[in-house]
Amino acid sequence: MKKHNYSAGPCILPQEVFEKSAQAILNFNGMDLSILEISHRSKEFVAVMEEARALVLELLGLQDKGYQALFLHGGASLEFLMVPYNLMKENGKAAYLDTGTWASGAIKEAKHFGETVLVASSKSDNYNHIPKQYVVPTDADYFHCTSNNTIFGTQMKEFPEIGIPLVCDMSSDIFSRKLDFSKFDLIYAGAQKNMGPAGATLVVVKESILGKTGRHIPAMLDYQQHIAKESMYNTPPVFPIYASLLTLQWLKKMGGIEAIEKLNDAKAQLLYDEIDRNPLFKGTAAIEDRSKMNATFVLNNEVHTETFDKLWKAAGISGLTGHRSVGGYRASMYNALPIESVQVLVDVMKELEHKI
Ligand SMILES: *Cc1c(COP(=O)(O)O)cnc(C)c1O
């Protein structure tokens, strides 16, 4: 039987995506060829790329608003440097909000390109909350934030109104909740958290913010080059893009972001209610900033660790161990995780309570 997969990434995808992409490896589109052996310039694959790019904009409500969707290589980590390369002017500066390991990774890369202004950081509290009431300098070239902090289990509920380009790493909560995506000028996300297999990176960018730095940008790192080549500057990661398309189609069929958000809310409520009710557990993130994708929690008394670990493993749960920088447990409840899996975890938490 399939495990209840709480892995933080790569992570669970819809079962039908696994089945359809497995089929495409054997025989893609009735071509009697594998998707792995056809040209990325074939009309069949070009259609995949076009539909995937269009569906991203459709699901985010960004059609005909001056945005382009790109599927690139390199993961979200490469975007940490492509963003400043493409947006920070020579001798310019950029503003960053430090909410976790990934945010600080982005800051580290930006420092190679110019001045970075740290508007706020929750590092001294081991990133257990999202700083608020910070001021974003209006003379910065852009402001960068991380919508969901995968490791620490916090999520931004509000985004500042600023007069400069707003850039967001949405790797671990893209397509999970309704937002006014037109507030953002550049969104990026590694595929492997909510969209597809590792290997593709989604970038959604408002074209009008590009081409203003005065820098020479190497072609592979230049968003404008990728846009001009319709996301096929070189051979794209064809299989991750195809599987991402299948996930996007699944999401659209489910009713889009609005419908999945309701499910995600229900899953998060079910689990957090138990974390708060059960005297054996406590959450590690500030309540108002809790992530609906990654719930981090610990046992109040570590002496129960072995018993709890045995129980959840026996219940068919996988991937619940917390990140080493937080410890305890992390339940990643991405779009494809069914609420039934959350119920199994909640039942195990109750069972532990009754056992001891
Ligand atoms: C996983 C993750 C990353 C890193 O993604 P890669 O694709 O492995 O580079 C960056 N940011 C966030 C928020 C993440 O969750």
Side-chain angles (χ1 to χ4, degrees), residues 5-13 56 69-85 96-110 112 121-123 126-131 142-157 159 166-177 179 181 184 186-205 220-221 226 236-237 239-241 243-244 247 264 285 289-296 319 321-326 330-337:
N5 185 8
Y6 281 95
S7 172
C11 65
I12 188 168
L13 292 171
V56 164
L70 301 169
F71 285 91
L72 306 179
H73 301 263
S77 300
L78 187 60
E79 299 315 309
F80 294 170
L81 73 96
M82 280 179 75
V83 164
Y85 224 144
Y96 278 76
L97 179 63
D98 179 22
T99 53
T101 308
W102 298 118
S104 67
I107 295 165
K108 206 167 133 203
E109 293 299 325
H112 296 296
S121 171
S122 47
K123 186 173 182 183
N126 201 29
Y127 297 118
N128 68 0
H129 67 282
I130 305 279
Y142 61 88
F143 171 64
H144 179 284
C145 57
T146 309
S147 55
N148 184 69
N149 298 284
T150 326
I151 293 175
F152 299 94
T154 62
Q155 189 171 31
M156 293 178 75
K157 309 286 150 116
F159 295 86
L166 177 58
V167 177
C168 191
D169 175 358
M170 293 196 189
S171 291
S172 53
D173 70 352
I174 189 142
F175 302 120
S176 74
R177 58 172 170 165
L179 288 174
F181 293 98
F184 300 87
L186 194 152
I187 295 166
Y188 63 88
Q192 70 276 13
K193 307 272 168 53
N194 229 352
M195 192 172 62
T201 316
L202 176 65
V203 173
V204 178
V205 59
M220 269 298 281
L221 302 179
H226 288 289
F239 186 69
I241 293 169
S244 297
T247 310
N264 289 335
D289 299 325
R290 279 175 167 176
S291 166
K292 290 181 179 169
M293 292 283 99
N294 313 94
T296 50
T321 306
H323 190 274
R324 59 190 178 281
S325 51
V326 186
R330 171 171 51 168
S332 297
M333 298 175 282
Y334 295 118
N335 283 354
L337 186 84

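Side chains included, hydrogens not; waters and symmetry mates left out as well; all remaining heavy atoms used. Counting starts at 1 for both ligands and their atoms, in listed order.
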Decide whether an N or O pair under 3.5 Å exists between Ala76 and ligand 1. yes

Out of Ile174, Ile151, Asp169, the nearest non-hydrogen contact to atom 13 (C) of ligand 1 is supplied by Asp169

For Ser171, the ligand 1 atoms with a heavy-atom partner under 4.0 Å come out as 10 (C), 11 (N), 12 (C), 13 (C), 14 (C), 15 (O)

To atom 7 (O) of ligand 1, the nearest of Lys193, Met293, Gln192 on a heavy-atom basis is Gln192

Across all chains, not counting sequence neighbours, the side chain to side chain contact (heavy atoms under 4.5 Å, CB included) partners of Lys123 are Asp98, Ser121, Tyr127

Under 4.0 Å between heavy atoms, the region of Asn148 that gets near ligand 1 turns out to be backbone

Flag yes if more than 12 heavy atoms outside Lys157 fall under 6.0 Å of its NZ atom; otherwise flag no. yes

- [ ] Assign the ring pair Phe184 / Phe159 to parallel, tilted or perpendicular, where the plane angle (0 to 90°) is split at 30° and 60°.
- [x] perpendicular

Closest non-hydrogen atoms of Ile130 and Asp289, given as atom of the first, atom of the second and distance, are N-OD2, 2.9 Å

Looking only at protein heavy atoms, what sits closest to atom 15 (O) of ligand 1 is Thr150 OG1, 2.4 Å

Nearest non-hydrogen contact to atom 9 (O) of ligand 1 from the set Gly9, Ser147, Pro10, Ser77 belongs to Ser77

One finds that the ligand 1 atoms under 4.0 Å from a non-hydrogen atom of Ser172 are 15 (O)

Per-atom filter on ligand 1: closer than 4.0 angstrom to a heavy atom of Gly75 are 7 (O), 9 (O)

Check: So, Asn294 and Ser332: side-chain donor and acceptor under 3.5 Å apart, yes or no?
Finding: yes

Q. Can a donor-acceptor pair be found between the side chains of Thr146 and Asp169 at a distance below 3.5 Å?
A. no

Side chain to side chain contact (heavy atoms under 4.5 Å, CB included) between Val205 and Tyr188, intermediate numbers included
CA-CA 8 Å; Val205 59; Tyr188 63 88; over 6 Å; no

